[in-house]
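Below: one structure, written as structure tokens.
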Amino acid sequence: MSTIDQTLRPVPQILVHEVQRPRQTRKWLDWVLTTDHKKIGIMYLVLTFVFFLMGGVEALMMRSQLAVPDNNLISGELYNELLTLHGTTMIFLFVVPVMAGFGNYFVPLMIGARDMAFPRLNALSFWLLLMGGIVFYASLFWHPPEAGWWSYPPLSSIQYSPSGGQDAWIFLIHLTGISSLVGAINFYVTIVNMRAPGMSWGRMPLFVWSILIYAVLLIIALPVVAAAVTMLLTDRHFGTHWFDPINHGSPVLWENLFWFFGHPEVYIMILPGFGMISEVLPVFARKPIFGYKAIAASTIVIAFLATLVWAHHLFTAPMPLVVLGFFMLSSFLIGIPTGIKIFNWTATLWRGSLVMTASMYFAIGFIIVFLIGGITGIFLATFPVDWQLNDTYFVVAHFHYVLMGGAVFTIMAGTYYWYPKMTGRLCSERLGKASFWVTFVGFNMTFFVQHALGLSGMPRRIYTYQPGMGWSTYNLISTIGSYILAFGILMSVYNFATSYRKGKVAGPDPWKGNTLEWFTTSPPPVNNFDVVPRVRSVEPMRDIRLEVEAQTGQLQKSGGSEQFARV
Amino acid sequence: MMTRAVKISRSTLRALRRACAQAFAALSLVAAASLAFAPSALANCCTVKSGGSPNANAIHSLYDIIFYIAVLVFVAVAGILLYSVWSFRAHKHPVAAQIHGNTKLELGLTATATGIVVVLAAVTFIKLPSIINPPNSNAGAASVLSASLTAPTPPNGNKLTICVTGRQFIWRYTYGANCNKTAWARRLPYSYQQMEVPAGVTVDLVIQSNDVIHAWWIPALGGKVDAVPGFTTYTWFKALHSGHTYFGQCAQLCGRGHAFMTARVKVVTLAQYTAWLARLAQEIKQQNDQVTQLRQQLIQQGYLTSSGVF
């Protein structure tokens, strides 16, 4: 019988066979030489989580120093190195590439492709990222950079930062930049050309939409920072004066170039997270996503506006009033599509049948945290108010709410959601939920009080402060919170590490997912699918499940929440 | 869902939850207690600093308007979200409604969001003049902008100009008109770290940097302005009360000593200021004279050439 008889199959059929050749005797060689998007994806995720933990340790060191006034734990020099390492690591070595990791693993699976469009280019992306990380962290053995992750000249010029650490930072930007750029082109080509039959633009999973826009934004933003750091490099070593005020260069030129990249970068970091939330919520609400078109469109609008708001980082720099007004209004505008997203996520939960898994906890936690971060963004976009808040702990609180909230909470939600697909095992739900509560409490303790710190006049990036400024209590609360937060994250890391061998076997579709990655085995074989089904809606996997149920007569309660209701 | 390695029983989880709740309660108690007994320890939790100058006060009132709108939006959105999570969990609400969207609702909420943004922008532009335009100095006294490229002046032009020059890791203040141009030739008085200004006079600050980027900021006297080498920026304040000393510090990472780049502004009466300035000029002149004498001696003794080379 050549056709597959659906009627004989009680559950969605997994149409794949293991076609992998027998493993190498040397398994590590298998990983080093691989061009398989799933293996590369896993390597991305593991590597970026390692960088995440390193960045976290740096943050804890800084918080320990700030716990009490007049603390001598860390010197001004080391503190500046730590803040540069922390910012650079979290942005260039964790959040941006971790999204590439998820994209690598899940974009081909979600669109029903067998691999990325350019598998070898994909491997190159990963290895360039690793090299960037090594070049940067090797500076630990000499002099790490200490001009902050913006590296504003003249502080980052050869005169004020003579050490090679600054050059290591420049090479990190170049290497991770090429890595991301090559990866972005790969994503774009894959998504545009390799979708399953019937998967029109309007049927593409929202995570894939977000990765597509992520790729476009990377292609727009990265060349600018590549140019800027090259100019900085020639200023430092080859006698040019782009940013040198003594020779009529302009430090403000750097500020504009850097933030023309830097603000789209913010959306590069959170849009894929938005995509993950848009996948997780409908699955666990047992309800279609509310306003699919509005969410996809708002992603595009955010990306467009993201290229027009950079100078809101420069409200205190020498700029004409009319420029300040323009960038205030464009920054306000970006609140509208973001508000639409929050509204649609909330509406997705409305009258759903919510299965409260660990992934769902993190997803809902994300909405709350991101809402706070979005609202404080309005304060900062109002330029006269920003004159009081810019470069204070209020800004630190704001961007940790949007970035740590927007990226780390979504990454956690995504990891709990996709862990069974990637490893074939389920995580401990109970530990996951405990981890969520500890993380959530620690996060808010750390960062909520930082709003008050900024309002009390504490600038960013100072390594010590005097008693009696009204900052001591807030700083102590924040430091205690940061340790609770770290413990919460470690609980999840422990959960992921132990569940790899000891978790319950997941099966192909433990959550009753909507998208095609759940159509194959967990973990998927090297070729992903033997047969790719024709896609007829945004939720192809749900269509298949309903069809089977109709044919076999084994109707389930709509949503199937009984399976996870008490997990 | 359980793994052998990760054995957390329901009761442990409950205990953990209880512990979390207790820790939370204890912390809120500590916070409440410190609020009650040591208001200074947790001063300024919820709004920007102000009180020293009209522009700081105007920013304060703008901040407060945004704050109330923000709290309203947060309570509304978080309320709906938490209500959904509370009421529509699977065991309470087993059948999910299969709703795909609602265009009217979507457009309505977009319009609402747009409305809020328009209101915020309008409020900002209404408040803006009181933040960027300096008022006249009080009668009988001697102004000005935000991070602007042009120096603003109060309507009657009556202002006191002070140049603020940042360098690693101290602020220098030069007192007098054209202080960024002819300070040396005219032997203008200067001071470091602590600035002294008369109350009731509109003070125009001319801000420059000698090395890296710094940011001038005294929270109670208005917003911050970057001091960028190669650029001149301006701001103003008009100190309202004499007898206060306001504290601030450099807000832009400027190197290893960034934390120590502090600034004070001591507000005195006009008479005290005039006397202080005269005394300062006198002291500087004396010191200069002493240095000149010492220099002459060194040249005579042959330790120094007349061009100042050892």
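All chains are named by letter (A, B, ...) in the order of the sequence lines, taking the proteins before the strands, and each is independently numbered beginning at 1. Keep in mind it's a predicted model, so treat the numbers as computed, not measured.
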- Item | Side chain / backbone / both / neither for B/Leu128 at chain A, heavy atoms under 4.5 Å | side chain
- Query: Is there side-chain contact between B/Leu253 and A/Glu146, with at least one heavy-atom pair below 4.5 Å?
  - Reply: no
- Item | Proximity breakdown for A/Ala381 and chain B, heavy-atom pairs closer than 4.5 Å | neither
- Non-hydrogen atoms of chain A under 4.5 Å away: do they reach the side chain of B/Asn55, the backbone, both or neither? neither
- Which atoms of A/Arg351 approach chain B - backbone, side chain, both or neither, heavy atom under 4.5 Å: both
- Query: Checking heavy atoms, do the side chain of B/Thr114, its backbone, both or neither come under 4.5 Å from chain A?
  - Reply: both
- Item | Full working for side chain to side chain contact (heavy atoms under 4.5 Å, CB included) between B/Val77 and A/Ile375 | CA-CA 11 Å; B/Val77 179; A/Ile375 287 176; over 6 Å; no
- Message: Using heavy-atom distances under 4.5 Å, tell me whether B/Ala78 contacts chain A through its side chain, its backbone, both, or neither.
- Response: both
- Part of B/Leu82 within contact of chain A (heavy atom distance under 4.5 Å): side chain
- Query: Crowded around B/Phe125 CZ? As in, over 12 foreign heavy atoms under 6.0 Å?
  - Reply: yes
- Message: Using a 3.5 Å distance criterion without hydrogens, assess whether the side chain of A/His451 forms a donor-acceptor pair with backbone atoms of B/Cys46.
- Response: no
- Item | Part of A/Phe332 within contact of chain B (heavy atom distance under 4.5 Å) | both
- Below 4.5 Å, heavy atoms only, C-beta onward: do B/Ile132 and A/Trp387 meet side chain to side chain? yes
- Query: Among A/Leu78, A/Leu453, A/Thr346, which has the most heavy-atom pairs under 4.5 Å with chain B?
  - Reply: A/Thr346
- Item | Nearest non-hydrogen partners of B/Ile131 and A/Pro384, listed with the distance | CD1-CB, 3.5 Å
- Item | Partner chain B: residue of A/Gly468, A/Pro245, A/Pro288, A/Gly374 with the largest heavy-atom pair count (under 4.5 Å) | A/Pro288
- For chain B, find which of A/Pro251, A/Pro337, A/Gly432, A/Gly249 contributes the most heavy-atom pairs closer than 4.5 angstrom. A/Pro251
- For A/Arg542 and B/Gln98, the nearest pair of non-hydrogen atoms, with its separation, is NH2-OE1, 3.1 Å
- Message: Which heavy atom of A/Leu455 sits nearest to which heavy atom of B/Lys49, and what is that distance?
- Response: O-CG, 3.6 Å
- Task: Start with the C-alpha distance between B/Thr262 and A/Gln466, add both sets of side-chain angles, then the distance that settles side chain to side chain contact (heavy atoms under 4.5 Å, CB included), and finish with yes or no.
- Result: CA-CA 11 Å; B/Thr262 55; A/Gln466 292 169 347; 5.6 Å; no
- Query: Side chain, backbone, both or neither: which part of A/Trp345 has a heavy atom under 4.5 Å from chain B?
  - Reply: neither
- Is any side-chain heavy atom of A/Pro154 less than 4.5 Å from a side-chain heavy atom of B/Ile213? yes
- Query: Between A/Asn80 and chain B, which part of the residue has a heavy atom less than 4.5 Å away: side chain, backbone, both or neither?
  - Reply: side chain
- Nearest non-hydrogen partners of A/Ala285 and B/Ala96, listed with the distance: O-CB, 3.6 Å
- Message: Less than 4.5 Å to any heavy atom of chain A: does that hold for the side chain of B/Val228, its backbone, both, or neither?
- Response: side chain
- Evaluation steps, side chain to side chain contact (heavy atoms under 4.5 Å, CB included), between B/Gln168 and A/Tyr160: CA-CA 10 Å; B/Gln168 290 176 326; A/Tyr160 297 100; 3.7 Å; yes
- Task: Heavy-atom distances under 4.5 Å only: say whether A/Leu349 touches chain B with side chain, backbone, both or neither.
- Result: both
- Just wondering, do B/Val85 and A/Met356 contact through their side chains at under 4.5 Å, heavy atoms? yes
- For A/Pro459 and B/Ala251, which heavy atoms make the closest approach, and how far apart are they? CB-CA, 4.0 Å
- Of the backbone (N, CA, C, O) and the side chain (C-beta and beyond), which part of B/Phe260 lies under 4.5 Å from a heavy atom of chain A, both, or neither? side chain
- Message: Can you tell me which portion of B/Leu109 sits under 4.5 Å from chain A's heavy atoms? Options are side chain, backbone, both or neither.
- Response: side chain
- With only heavy atoms counted, which part of A/Asp244 is less than 4.5 Å from chain B, the side chain, the backbone, both or neither? neither
- Task: Decide yes or no for B/Gln249 and A/Tyr465: does some side-chain heavy atom of the first lie under 4.5 Å from some side-chain heavy atom of the second?
- Result: no
- Check the angle between the aromatic planes of A/Trp350 and B/Tyr83 and answer parallel, tilted or perpendicular using the 30° and 60° thresholds. tilted
- Note on the structure: Under 4.5 Å to a heavy atom of chain B? For A/Pro153 that would be backbone
- Whatever's closer than 4.5 Å to a heavy atom in chain B on A/Phe394 counts as side chain
- Item | Pairs of heavy atoms under 4.5 Å with chain B: top-ranked of A/Val385, A/Leu83, A/Leu155 | A/Leu155
- Item | Check: A/Ile336 and B/Thr110 side chains under 4.5 Å, non-hydrogen atoms | yes
- Heavy-atom distances under 4.5 Å only: say whether A/Ser298 touches chain B with side chain, backbone, both or neither. neither
- Can you name the nearest heavy-atom pair linking B/Lys224 to A/Asn390, along with the distance? NZ-O, 2.6 Å
- Item | Side chain, backbone, both or neither of A/Leu329 within contact of chain B (heavy atoms, under 4.5 Å) | side chain
- Proximal component of A/Thr382, with respect to chain B [non-hydrogen, under 4.5 Å]: side chain
- Between A/Thr316 and B/Val225, is any pair of side-chain heavy atoms under 4.5 Å apart? no
- Relative to chain B, which segment of A/Leu389 carries a heavy atom at a distance below 4.5 Å: side chain, backbone, both, or neither? both
- Message: Determine whether a donor-acceptor pair (N or O, by modelled atom type, separation under 3.5 Å) exists between the side chain of A/Gln388 and the backbone of B/Pro219.
- Response: yes
- Message: Could you check whether any side-chain heavy atom of B/His258 comes within less than 4.5 Å of a side-chain heavy atom of A/Tyr463, counting everything from C-beta outward?
- Response: no
- Message: Pair B/Phe231, A/Ser250 - check side chain to side chain contact (heavy atoms under 4.5 Å, CB included), show working.
- Response: CA-CA 9 Å; B/Phe231 288 81; A/Ser250 166; 3.6 Å; yes
- Residue part contacting chain B, namely of A/Glu255, when any heavy atom lies under 4.5 Å: side chain
- What distance do B/Lys92 atom NZ and A/Leu354 atom CG have between them, rounded to the nearest 0.5 Å? 10.5 Å
